[in-house]
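These notes are about the structure you will find just below.
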Amino acid sequence: MSGCCDGNVERYKELQAYIDGLPDKKGRLIGVLHKAQGIFGYLPREVQEFIAGALGLSVAKVYGVVKFYSFFTMVPKGKFPISVCLGTACYVRGADDIVSEVEKILGITVGQVTPDGLFSLDTLRCVGACGLAPVMIVAGRVFGRMKPSDVEGIIAEYRAKAGDSEKDKACEGVCCHG
Amino acid sequence: MANVRMHVLVCGGTGCTSSRSLEIVDALRAEIKAQGLAEEVKVVIAGCFGFCEKGPIVKISPDNTFYVQVTPEDAKEIVAEHIVKGRKVSRLLYVDPKTTEHISDSKHMDFYKKQLRIALRNCGFLDPENIGEYIARDGYMALGKALFEMTPKEVVDEVKKSGLRGRGGGGFPTGLKWEIAASYKADQKYVICNADEGDPGAFMDRSVLEGDPHSIIEAMAICGYAIGASKGVVYIRAEYPLAVERLQKAIVAARETGLLGNNILGSDFSFDIDMYYGAGAFVCGEETALIRSLQSERGEPTSKPPFPAESGFWGKPSNVNNVETFANIPVIFLKGAEWFASIGTAKSKGTKVFALAGKVNNVGLVEVPMGTTLREVIFDIGGGIRNGKKFKAAQTGGPSGGCLTEKFLDTPIDYDNLIAAGSMMGSGGMIVLDEDDCMVNVAKFYLGFTVEESCGKCTPCRVGNKRMLEMLEKISEGKATEKDLGRLRELAGIIKDTSLCGLGQTAPNPVLSTLDNFYDEYLAHVRDKRCPAGKCKSLMQYVIDPAKCKGCTMCAKVCPAGAISGKVKEPHVINQDKCVKCGACFATCKFGAISKR
Amino acid sequence: MKGCAVMDKVKSLDDLRKMKAAMQNATELREKGQNIDKLIEVKVSMATCGIAAGARETMAAMMDEATKRGIKNIVFTQSGCMGYCHSEPTVTIVRPGEEPVTFGEVKGKRITEIFDSYILKGELVDGIIPLSSKSIHD
Ligand SMILES: Cc1cc2nc3c(=O)[nH]c(=O)nc-3n(C[C@H](O)[C@H](O)[C@H](O)COP(=O)(O)O)c2cc1C
Ligand code: SF4
Ligand code: SF4
Ligand code: SF4
Ligand code: FES
Ligand code: FES
Ligand code: FES
């Protein structure tokens with residue numbers, strides 16, 4: 001994958017250790033995929049093959065499950081993944097305007113990553129904070145009662161954060177996802 | 001030290017402020033000052049009391065006097081009589097419509113409270129990460145009672161007697177479900193908690209898991225005892241990280257305390273719980289798909305029978321219940337089945353939690369006895385519609401449900417009445433819509449959701465719903481005819497009858513319900529090519545009102561399509577053929593001259 | 001209380017009853033203010049919704065404020081939510097021997113206001129949320 005660090009070996013080790021720690025391997029695929037996505041940030045083919053081998057399943061079976069569940073992704077996300085909720089409560093409170101605003105500011109559409117690898121944009125269906133609709137999630141943090149005019153400031157805040165951490169650690173970016 | 005001996009709470013909720021409650025505040029403050037009482041009596045603006053119908057509300061504490069329909073002119077009397085002389089102003093007290101009694105004292109303090117918290121009894125009151133606080137509030141006592149004072153059959157009978165029905169959508173009698181699961185013999189059975197909460201717009205299960213996780217653990221153990229299962233499984237959505245964390249901690253704490261594990265409380269009953277995560281597939285909330293997903297397969301539903309009670313997780317008898325259903329269980333044992341059955345309507349017992357969202361003032365969770373009316377929920381507890389707009393409909397039952405219009409506002413809410421009204425209880429999501437919402441658009445939203453979430457296993461759902469969605473898109477673009485409306489209905493019928501699982505069978509409901517209740521709106525789209533709510537972009541037009549336009553040219557400058565023309569200081573016009581409906585002009589005009597039509 | 005040590009195992013129904021009594025005593029003592037310190041309990045609603053509205057920041061700011069003012073008879077806990085999404089972050093305060101009072105939209109300068117009036121003097125401030133539901137204990 002990347003040339004900038006040897007994180008991958010460590011990552012596979014971590015995943016293997018998790019799999020070894022399971023009491024049994026029957027019906028654990030989804031749990032393992034969650035873990036793997038947590039470690040790698042996404043589920044590229046190599047990781048799926050590794051998991052298939054470790055659990056004694058066919059690659060096709062693993063792929064079939066990854067494709068079925070929208071939570072799993074085969075493409076890397078940005079360093080700060082942005083998700084806009086398009087659940088009912090958010091939708092009727094104007095969530096689509098938030099999506100357009102993010103698209104406009106980042107110059108990408110839903111499902112894409114910015115060229116600098118900082119942001120990606122997705123939509124999802126309800127995080128249960130419907131009372132604060134419309135809701136946007138950036139790198140796990142939930143922003144409620146959003147107005148289109150709030151988007152710019154929030155993105156700027158994360159851009160600044162990226163600038164800071166860039167100074168601390170030279171090796172961080174697209175390949176390692178923080 | 002403080003001298004304040006009395007607080008006067010004035011409702012500052014939206015309902016009451018619109019009937020001048022803030023003027024009452026001013027009048028009270030002035031009067032109190034005039035009487036030289038400013039040091040000892042404090043006037044405070046409070047939130048909604050949930051009784052907006054009788055607002056403005058003024059409550060005096062510590063004696064808990066509750067005045068209704070107060071006007072600023074009453075301030076003088078309240079101060080002179082109640083605050084100075086300690087005599088209640090009886091004409092402002094609430095009059096019980098049945099007994100015509102004036103209710104004034106703290107004995108009846110609760111008369112105005114329309115909510116009753118059973119499932120949410122502990123949410124917000126205890127620290128979910130401290131099992132001790134749960135135990136202090138009778139936690140695990142219901143399990144103790146079941147284990148030591150009742151046989152499994154008696155436990156099942158108690159649940160049957162309570163009349164509890166499933167809160168996950170179907171409304172199946174819980175006791176009966178337990179009885180069926182208990183009747184199968186097997187070396188292993190499972191208790192499954194459905195914490196997938198798929199309806200976008202519903203969040204009560206999350207709130208219970210985050211605020212009172214032990215009640216779910218206790219209820220699952222009681223169920224395990226009743227049906228003869230030693231293993232519990234929670235299927236929880238990955239989109240709820242905090243709920244996952246809290247439940248995980250609670251399970252560990254219960255194990256460490258000996259309330260999960262072998263020989264619970266010294267009995268010969270053993271029970272433990274495992275957690276499994278969903279991965280963003282709505283159909284996995286359906287119980288057979290959920291079980292496939294638990295087994296790490298693609299979450300495609302299987303046909304019933306066999307029901308999970310006979311052959312579920314790993315082919316073993318399994319009892320699936322929803323989070324809120326479980327949350328009611330301990331209370332049934334603590335307070336008795338009769339108590340529980342005394343709440344609600346003839347066929348729907350207990351309470352229901354609703355997640356009130358959308359265009360309503362007090363968005364949040366409300367729990368009301370079955371039989372409460374929609375009007376009470378939306379207008380009293382919910383504080384009415386935001387920004388003074390007009391109520392249009394309440395959508396219940398999520399993507400499987402329908403719209404309840406004004407004519408159903410006074411219908412008591414229960415399972416059967418909602419179905420009769422063309423909707424359903426569902427999981428309790430209640431999305432309030434106002435005059436600005438286009439019903440074609442709402443139907444399209446839900447259908448878009450089900451099309452995206454269809455597992456694709458059977459054709460009517462996979463292909464049929466997509467066809468329906470395309471037709472709705474045609475309608476909202478003004479390209480459909482009246483004939484299409486008939487075809488839409490026809491197709492909906494076929495999909496309902498021939499789909500394999502609940503997702504497909506109910507997917508056409510939002511369309512049918514809006515067709516039934518808002519046919520005019522559909523007609524406007526197909527016949528007049530007009531969207532009355534101004535939501536459907538392709539039918540909407542931006543127009544400049546020549547009377548308001550000052551000819552400042554700002555709109556023409558921002559228009560990316562060069563659609564606006566006009567001379568300086570003269571009214572401008574929009575060329576509809578060029579306009580791409582970006583809304584830039586609308587946002588720019590400082591004089592409110594541009595409107596949507 | 002938060003961070004409470006691991007419980008002893010309960011091995012019988014009797015154990016459970018004893019633990020309940022002990023726990024109730026502890027909470028009651030705290031709530032009724034019969035212990036020497038007369039603790040004021042501050043419960044911050046920490047569910048997804050509240051956290052999204054800033055509940056963590058509110059908790060931290062309130063703890064800071066207590067330290068700054070040298071108030072020692074105060075204890076902070078978290079709770080789930082009462083479903084008042086419209087007014088998050090919400091905080092419930094129990095003064096010794098008094099009924100709990102819930103405050104809405106607790107952030108920024110409302111925090112100092114609540115300290116000045118309610119925590120120190122028992123005087124209510126604007127923006128309290130009346131309890132609008134009956135409980136099963138009534
Ligand atoms: C498409 C579909 C989605 C469902 N989603 C959920 C859900 O998210 N949560 C839930 O508890 N039940 C859901 N159900 C209902 C379950 O199949 C099942 O009836 C329920 O969990 C049983 O529990 P109860 O009897 O306690 O309600 C869904 C059903 C269908 C058809
Ligand atoms: S009805 Fe839809 S979701 Fe259900 S099995 Fe058929 S295709 Fe799948
Ligand atoms: S911005 Fe408004 S006032 Fe100015 S020219 Fe356009 S429509 Fe007229
Ligand atoms: S909506 Fe956009 S394209 Fe249409 S007239 Fe206004 S600015 Fe121009
Ligand atoms: S609909 Fe957006 S959080 Fe629930
Ligand atoms: S009771 Fe005053 S606004 Fe609801
Ligand atoms: S759901 Fe808890 S406050 Fe919104």
Side-chain angles (χ1 to χ4, degrees), chain A residues 23-35 37-38 43 51 55 57 61-73 83 85-97 100 104 122-135 137 140-142 144-145 148-149, chain B residues 197-207 210 237-243 275-284 293-300 313-314 355-359 362-365 386 395 398-399 429 431-434 436-437 441-442 445-446 448-449 452-453 455-456 583:
Chain A
D24 58 84
K25 300 203 175 12
K26 186 171 130 193
R28 294 292 167 173
L29 175 58
I30 292 181
V32 172
L33 290 171
H34 270 295
K35 182 75 190 174
Q37 185 158 304
L43 298 170
I51 291 171
L55 293 177
L57 300 169
K61 156 108 190 179
V62 175
Y63 178 77
V65 170
V66 170
K67 284 303 275 186
F68 186 85
Y69 294 97
S70 65
F71 199 85
F72 298 132
T73 169
S83 312
C85 177
L86 283 186
T88 323
C90 291
Y91 183 76
V92 302
R93 285 271 190 103
D96 44 353
D97 293 339
S100 326
K104 202 172 91 194
D122 282 291
T123 60
L124 50 71
R125 305 283 195 179
C126 195
V127 290
C130 324
L132 300 182
V135 161
I137 301 102
R141 185 158 155 221
V142 182
R145 298 175 188 140
S149 55
Chain B
E197 193 152 71
D199 175 3
F203 48 98
M204 62 286 289
D205 293 352
R206 174 184 66 63
S207 177
E210 287 176 1
R237 48 193 322 235
E239 290 88 340
Y240 285 176
L242 187 63
M275 282 171 72
Y276 287 76
Y277 308 114
F282 172 69
V283 70
C284 290
S293 183
L294 281 176
Q295 296 169 183
S296 269
E297 293 159 49
R298 293 162 63 95
E300 287 162 357
F313 192 29
W314 300 123
L356 206 51
K359 307 290 181 61
N362 302 336
V363 285
L365 289 177
R386 279 160 64 91
Q395 213 282 349
I431 309 285
V432 179
L433 304 170
D434 69 9
D436 294 341
D437 290 303
N441 192 45
V442 168
F445 169 81
Y446 280 111
F449 178 85
E452 210 171 278
E453 295 297 337
C455 80

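Each chain gets a letter, A, B and so on, in the order the sequences are listed, and its residues count up from 1. Please read these numbers as outputs of a predicted model, since none were measured by experiment.
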### Query
With a 4.5 angstrom heavy-atom cut-off, which part of B:F282 approaches chain A: side chain, backbone, both or neither?
neither

### Query
Where the side chain of A:Q37 meets the backbone of A:F71, is there a donor-acceptor pair that is under 3.5 Å apart?
yes

### Query
Is any side-chain heavy atom of A:I137 less than 4.5 Å from a side-chain heavy atom of B:E239?
no

### Message
In the structure I gave you, are the side-chain heavy atoms of B:C455 and A:F68 within less than 4.5 Å of one another anywhere?
### Response
yes

### Task
Can you see which heavy atom on A:C85 is nearest to which on A:C126, and at what distance?
SG-N, 3.2 Å

### Message
Quick check on B:L294 against chain A: is it the side chain, the backbone, both or neither that has a heavy atom closer than 4.5 Å?
### Response
backbone

### Residue, of A:T88, A:V32, A:I30, A:L57, that accumulates the most heavy atom pairs under 4.5 Å with chain B
A:T88

### Summary
Residues passing the side chain to side chain donor-acceptor pair (under 3.5 Å) test with B:S293, sequence neighbours excluded, are A:Y69, B:Y235

### Task
Report yes if some heavy atom in the side chain of A:V65 is under 4.5 Å from a heavy atom in the side chain of B:E297; otherwise report no.
no

### Task
Could you tell me which of B:Q295, B:E452, B:E453 has the largest number of non-hydrogen atom pairs under 4.5 Å with chain A?
B:E452

### Part of B:V283 within contact of chain A (heavy atom distance under 4.5 Å)
side chain

### Query
When you measure from the side chain of A:H34 to the backbone N and O of A:F72, does any donor-acceptor pair fall under 3.5 Å?
no

### Message
Heavy-atom pairs under 4.5 Å with chain B - which of A:G131, A:G128, A:A89, A:S100 has more of them than the others?
### Response
A:G128

### Task
Give the member of B:A202, B:A279, B:G198, B:A355 that has the highest number of heavy-atom pairs under 4.5 Å with chain A.
B:A279

### Query
Quick one: what part of B:Y277 sits under 4.5 Å from any heavy atom of chain A, side chain, backbone, both or neither?
both

### Query
Quick one: what part of A:K26 sits under 4.5 Å from any heavy atom of chain B, side chain, backbone, both or neither?
both

### Task
Heavy atoms only, distances under 4.5 angstrom: which of A:G87, A:C130, A:A129 has the most pairs with chain B? Name it, please.
A:C130

### Message
What part of B:E197 gets within 4.5 angstrom of chain A, counting heavy atoms only: side chain, backbone, both, or neither?
### Response
neither

### Query
By a 4.5 Å heavy-atom criterion (distance strictly below it), what part of A:L33 contacts chain B: side chain, backbone, both, or neither?
neither

## Note on the structure
Tightest non-hydrogen contact, residues B:Y240 and B:F203, listed as OH-CA, 4.3 Å

### Task
With sequence neighbours left out, write down each residue that passes salt bridge (charged side-chain N to carboxylate O under 4.0 Å, His left out) with B:E300, or none if nothing qualifies.
B:R298

### Query
What part of B:A243 lies closer than 4.5 angstrom to a heavy atom of chain A: side chain, backbone, both or neither?
neither

#### Entry: Taking every non-hydrogen atom, the tightest pair across A:V92 and B:K359
O-CE, 3.0 Å

### Query
Between B:G280, B:A281, B:G583, B:G456, which has the largest tally of heavy atom pairs under 4.5 Å with chain A?
B:G280

### Task
Quick one: which of B:R386, B:M204, B:R237 has the most heavy-atom pairs under 4.5 Å with chain A, could you say?
B:R386

### Query
Given that the side chain runs from C-beta out, which part of B:A238 has a heavy atom under 4.5 Å from chain A: side chain, backbone, both or neither?
both

## Note on the structure
Most heavy-atom pairs under 4.5 Å with chain A, out of B:G299, B:A357, B:G398, B:G278, belong to B:G299

